[in-house]
Amino acid sequence: MEVRRTVPVALDVDSDDAALLEDTVDTFLWSAQYVVDHAFNGEYVTTSKTTLDDETYDDVRDATDDFNGGLVQAARNKAAEACKSVVARWKNGKKASKPTFTSPHVVYDKRTATFHEDYVSLATTDGRIEADYILPDEDSDTPHSEYLFSDQYETTGAELHYRDGDWMLHIHCKMEVEPETSAQAATENGTVLGVDLGVNNLAVTSTGTFWTGNEFNHWRRGYEKRRGSLQHCGTRWAHQNIQSVGRKEEGRFKLTLHRISNELVAEAREKGCSVIAFEDLTDIRERTGASWGHKWAFNRLYEYVEYKAEEHGITVEQVDPENTSRRCSHCGFTHPDNRDGEEFECLKCGYENHADYNAAKNIGLRYLRRNQTGGDGGALLGVRLNSGTLNVNGGYSPASAEARTGVHAESHRFSGG
Ligand SMILES: [Zn+2]
């Protein structure tokens, strides 16, 4: 399995180089347009890259005073793709007209660009230029270090974009996911990690790991207070201050959520889970009384976990949240009085535990049931607890000896936060 990422990086370009890049953009777009015009010139639209290459390469090179061969080919590929999608629309009975290229950009690959640690070398209409990356502060929330400078990710190419006076490079990276941890292999005998989200505890897993919401709640209250007092001033200065406070606080929240998502994915990997199940986030505010800030945090957390889990072949899904907090994960008895705040005590079988932990197990079970009837074909073993699994009927099986790392199934392991 292959994981791909695109990392936007601003470039520091001086005026001489900027002129060269502008000329390169113009020439690239002209070349792509030339190929499209040629493709549309016959009885049928030509979409074959080889045919288009044979019929236009020399003409384009002549007309552009020997534009870089790699860039001519990239322009031709761009043109061929655009022609293909027009033909595909026609085949589906939809309207489409001849493509025109207006957005200023150039497509680079490994032959026309060289990606160094802190600068890039780019082919232009007149030799190469070098441009430094403008990287954000180290503690800011960006994926640069994670993908761009990671040994695991390979840089495959980039698109240069020009907008509002800024040169941006969208760098493409890819990573091959190890076959033994690929989704296919893991689904054969993997387990589900159920995750409950909430206000007191931001996240609780079916393996009994808790991430408390204290830190987040503290920040959010402080932020809302500062925002409130700034809004009170009502001046333009105050407005700008609100925005800068907002950006700074948001960055801090995101860093915390990145950390939690990393720990969550690590937990899933440690316990051999092939699926991480969350409750459906759509109406989570109505269900849990969470603030707008929490909803924002839950969405980010889900996004980050989904993104990071993909690299390890782990699927992330949302399940129907109905009654997951009222249902007994042990016997299935569902009643609003089973739950009293953070306490869960089943009125029928007497099962007692932390309410969020009980909910996390139910979320895992719901995925398990849905997956069995949905016919996805995966043979999941059960919901992963700290030292065993819960099968679809609520029965508990201890983990195999080598996988048994925890103390006992129902113990709470508090971490994070
Ligand atoms: Zn019960």
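Side chains are part of it too, since the values below use all heavy atoms of this structure and drop only hydrogens, waters and symmetry mates. Numbers for residues simply follow the sequence, beginning at 1.
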Consider only side-chain N and O atoms of Asp23 and Thr125, and report whether a donor and an acceptor are under 3.5 Å apart.
-> yes
Cut-off 3.5 Å, side chains only: do Thr389 and Arg384 have a donor facing an acceptor?
-> no
Exercise: do Arg163 and Ser103 side chains pair donor with acceptor under 3.5 Å = no
Does some side-chain heavy atom of Leu197 sit less than 4.5 Å from a side-chain heavy atom of Tyr302?
-> no
So, the side chain of Arg89 versus the backbone of Lys95: is there a donor-acceptor pair under 3.5 Å, distance only?
-> yes
Heavy-atom distance under 4.5 Å between the side chains of Val204 and Thr209, does that happen here?
-> no
Scanning both residues in full, the closest heavy-atom pair of His294 with Asn217 reads NE2-OD1, 2.8 Å
Main-chain N/O of Arg111 paired with Asp109 side-chain donor or acceptor, under 3.5 Å = yes
Do the non-hydrogen side-chain atoms of His38 and Asp59 ever get within less than 4.5 Å of each other?
-> no
Under-4.0 Å salt bridge between Glu267 and Lys271 = yes
May I ask you to check whether over 12 heavy atoms, not counting those of Glu81, lie within 6.0 Å of atom CD?
-> yes
Taking all non-hydrogen atoms of both residues, which atom of Ala63 and which atom of Trp30 are closest, and how far apart?
-> CB-CH2, 3.5 Å
Validation row: Ile260, Leu202 side chains within 4.5 angstrom (heavy atoms) = yes
Give a yes or no on whether Arg326 atom CZ has more than 12 heavy-atom contacts from other residues, nucleotides or ligands under 6.0 Å away.
-> no
Salt bridge flag under 4.0 Å for residues Arg287 and Glu279 | yes
Determine whether Phe40 and Thr46 make a side-chain contact, defined as any pair of heavy atoms from C-beta on separated by less than 4.5 Å.
-> no
If we ignore angles and hydrogens, is there a donor and acceptor under 3.5 Å between the side chains of Asp126 and Thr124?
-> no
Between Leu122 and Trp167, is any pair of side-chain heavy atoms under 4.5 Å apart?
-> no
Atom CG of Asp65: over 12 foreign heavy atoms under 6.0 Å = no
Can you list the steps and then say if Thr24 with Phe67 is a side-chain contact (heavy atoms from CB on, under 4.5 Å)?
-> CA-CA 9 Å; Thr24 308; Phe67 190 35; 4.1 Å; yes
Distance-only polar pair, side chains of Asp53 and Thr50, donor-acceptor under 3.5 Å | no
Evaluate the side-chain contact (heavy atoms from CB on, under 4.5 Å) criterion for residues Met168 and Leu11: first the C-alpha distance (whole Å), next the side-chain angles of each, then the deciding distance (0.1 Å), finally the verdict.
-> CA-CA 6 Å; Met168 290 291 295; Leu11 295 181; over 6 Å; no
CG of Asn92: more than 12 outside heavy atoms within 6.0 angstrom?
-> yes
Would you mind telling me which of Thr191, Val383, Ile363, Val319 makes a side-chain contact (heavy atoms from CB on, under 4.5 Å) with Leu368?
-> Val383
Got Cys173 and Val7 here, is their nearest side-chain heavy-atom distance under 4.5 Å?
-> yes
Give a yes or no on whether the ring-centroid distance for Tyr119 and Tyr133 is below 6.0 angstrom.
-> no
Can you see which heavy atom on Phe115 is nearest to which on Val120, and at what distance?
-> CD2-CG2, 3.7 Å
Do the charged groups of Asp283 and Lys295 touch, with an N to O distance under 4.0 Å?
-> no
Evaluate side-chain contact (heavy atoms from CB on, under 4.5 Å) for Tyr108 paired with His170, printing each intermediate quantity in order.
-> CA-CA 10 Å; Tyr108 284 97; His170 293 183; over 6 Å; no
Dump the intermediate steps for side-chain hydrogen bond (donor to acceptor under 3.5 Å, both in side chains) on Asn200 and Glu342, then the final yes or no.
-> CA-CA 9 Å; Asn200 292 336; Glu342 298 209 320; 3.2 Å; yes
Electrostatic pair Glu311-Arg5, nearest N-O below 4.0 angstrom = yes
Ion pair check, Asp320 and Arg370, cut-off under 4.0 Å | no
Heavy-atom nearest pair, Ala75 first then Ser31, reads CB-CB, 3.8 Å
Between Asn353 and Asn358, does a side-chain hydrogen bond (donor to acceptor under 3.5 Å, both in side chains) hold up when you go through it step by step?
-> CA-CA 7 Å; Asn353 220 310; Asn358 178 66; over 6 Å; no
Stepwise, does the side-chain hydrogen bond (donor to acceptor under 3.5 Å, both in side chains) test hold for Ser261 with Arg300?
-> CA-CA 9 Å; Ser261 65; Arg300 295 292 85 70; over 6 Å; no
Check step by step if side-chain contact (heavy atoms from CB on, under 4.5 Å) holds for Ile276 and Thr315.
-> CA-CA 6 Å; Ile276 302 175; Thr315 314; over 6 Å; no
4.5 Å side-chain heavy-atom contact, Val275 and Leu193 = no
Show your reasoning for whether side-chain hydrogen bond (donor to acceptor under 3.5 Å, both in side chains) applies to Thr47 and Lys84.
-> CA-CA 6 Å; Thr47 56; Lys84 263 184 204 151; 5.9 Å; no
Report yes or no: is the cationic atom of Arg4 (NZ for Lys, CZ for Arg) closer than 6.0 Å to the six-membered ring centre of Tyr153, at no more than 45° off its axis?
-> no
Taking all atoms of both residues into account, what is the closest heavy-atom pair of Pro99 and Cys83, and its distance?
-> CG-N, 4.4 Å
Just checking, any donor-acceptor pair under 3.5 angstrom between side chains of Thr6 and His172?
-> yes
Ring centre gap for Phe210 and His354 strictly below 6.0 Å = yes
